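Quick note on labels: first sequence line is chain A, next is B, and so on, each numbered from 1. Keep in mind that this is a model prediction, so the values were computed, not measured.
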2 protein chains.
Amino acid sequence: MTRAGSTRTPLGDVSREHARRIFLAVSDPTRRGILDLLLVSESSVSDLVRPFRISQPAISQHLRILRQAGLVRVRRQGRERRYRLRGEQLRAVYDWVAHYERFWTEKLQALGAYLDEDVAGAAE
Amino acid sequence: MTRAGSTRTPLGDVSREHARRIFLAVSDPTRRGILDLLLVSESSVSDLVRPFRISQPAISQHLRILRQAGLVRVRRQGRERRYRLRGEQLRAVYDWVAHYERFWTEKLQALGAYLDEDVAGAAE
DNA sequence: TTGACACATAAGCGATTGCTTATATAAAGT
DNA sequence: ACTTTATATAAGCAATCGCTTATGTGTCAA
């Protein structure tokens with residue numbers, strides 16, 4: 001049952017679920033690569049298969065995940081399917097990570113690098 | 001750096017691998033929750049266990065992943081281990097997603113919502 | 001030293017991931 | 001009507017994930 005979390009606000013869970021899908025979609029390097037390609041131009045599936053070393057079905061599966069996360073949109077054109085980016089959806093990621101912005105904009109980075117005790121875990 | 005290039009340079013693979021770990025670490029909602037807690041204050045493991053409904057070992061395992069991604073740092077203090085955020089590492093995520101910023105800052109959002117043919121996939 | 005705490009790690013397990021090959025569907029070309 | 005092209009879906013599989021319980025390890029307190 002994957003999650004052990006609290007099932008409190010139903011509406012909150014919906015958008016939280018949406019955020020979850022987006023973060024999950026974006027966690028895969030191939031899918032980020034696809035999004036980066038779509039940032040340049042709308043593309044057919046064949047266009048998207050070409051740059052990668054994996055099969056067409058694999059790309060189609062990635063595209064499905066991106067679709068379900070609302071990150072791309074498809075349009076039929078002849079026998080092709082042209083995928084276009086829906087970049088606005090990435091705002092969820094942006095908004096989250098922006099909370100951490102001060103860590104690289106302020107100078108308190110200088111405070112880092114002391115007491116770097118990553119114990120045992122480093123080797124693994 | 002981290003660009004969509006070929007899998008050639010070994011150094012490129014290292015940083016790409018690092019980026020991969022960071023995105024993967026951040027893809028889990030519990031781990032994002034942990035980071036959000038650490039944004040407020042340095043915390044012991046017990047502090048981090050309390051807000052969640054999962055076991056202490058589960059949290060420790062999440063912390064290991066965050067450690068390996070370089071997103072947190074540990075310090076021993078008596079019998080506690082105090083975790084502190086290393087927010088600068090999230091810059092990789094920020095830099096990536098910032099490429100998409102125009103999608104929600106510009107007005108060309110108005111162009112969206114026409115030809116919304118998400119076919120078949122919508123139901124699933 | 002013994003015990004209680006704070007935490008990490010190990011082992012095991014079901015669910016999910018990302019890939020593959022095989023097959024279905026749909027449009028276009030002949 | 002066949003064939004080719006473009007894509008999706010299905011089925012299967014090894015690897016990984018996120019959790020659990022059980023057990024280790026280090027620290028303080030008595």
A:Gln89 versus A:Arg91, side-chain donor and acceptor atoms under 3.5 Å:
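Per modelled atom types, A:Arg91 and A:Gln89 side chains form no pair under 3.5 Å.
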According to salt bridge (Lys or Arg N to Asp or Glu O under 4.0 Å), who are the partners of A:Arg50, at least two apart in sequence or on a separate chain?
A:Asp47
Using a 4.0 Å heavy-atom cut-off across all strands, classify [X] as base, sugar-phosphate, or nothing.
X       : answer
B:Tyr83 : sugar-phosphate
B:Leu48 : nothing
B:Arg31 : sugar-phosphate

Straight-line distance of A:Leu63 CG to A:Gln68 CD, nearest 0.5 Å
11.0 Å
What is the distance, rounded to the nearest whole Å, between atom [atom1] of [X] and atom [atom2] of [N]?
X       : N      : atom1 : atom2 : value
B:Arg64 : D:dT16 : CZ    : P     : 14 Å
A:Arg67 : D:dA8  : CZ    : P     : 6 Å
B:Phe52 : D:dG18 : CZ    : P     : 13 Å
A:Ile65 : C:dG18 : CD1   : P     : 6 Å
B:Gln68 : C:dA8  : CD    : P     : 12 Å
B:Gln61 : D:dT21 : CD    : P     : 12 Å
A:Arg20 : C:dT17 : CZ    : C1'   : 13 Å
A:Arg81 : D:dT5  : CZ    : P     : 19 Å

Please determine whether a side-chain nitrogen or oxygen atom of B:Arg76 lies at a distance below 4.0 Å from atom OP1 or OP2 of D:dG26.
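Negative; the distance criterion is not met.
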Taking 4.0 Å as the cut-off, does a side-chain nitrogen or oxygen of B:Ser55 come that near to OP1 or OP2 on D:dC19?
no
Please check this pair: side chain of A:Arg32 against backbone of A:Ser27, looking for a donor-acceptor N/O pair closer than 3.5 Å.
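Looks like yes, one N/O pair under 3.5 Å.
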Any idea which of [options] is nearest the [X] side chain?
X       : options                : value
B:Ile54 : D:dC19, D:dG18, C:dG18 : D:dC19
B:Leu63 : C:dC19, C:dA8, D:dA6   : C:dA8
A:Asp28 : C:dC19, C:dG18, C:dA6  : C:dG18

Comparing A:Gly78 and A:Pro29 on DNA chain C - which has the more 5′ nearest nucleotide
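Comparing both residues, the 5'-ward one is A:Pro29.
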Specify the residue among A:Pro57 and A:Arg79 whose closest nucleotide of DNA chain D lies further upstream toward the 5′ end.
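First, find each residue's nearest nucleotide; the 5'-ward one identifies A:Arg79.
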Between A:Trp96 and A:Phe23, what is the ring plane arrangement, given parallel below 30°, perpendicular above 60°, and tilted in between?
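Rings of A:Trp96 and A:Phe23: perpendicular, over 60°.
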Does the C:dA8 base have a donor-acceptor partner in the side chain of B:Gln56 within less than 3.5 Å?
yes
So, under a plain 3.5 Å distance rule, would you say the side chain of B:Gln77 forms a donor-acceptor pair with the base of D:dT27?
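Between D:dT27 and B:Gln77, which were checked side chain against base, a qualifying N/O pair under 3.5 Å is absent.
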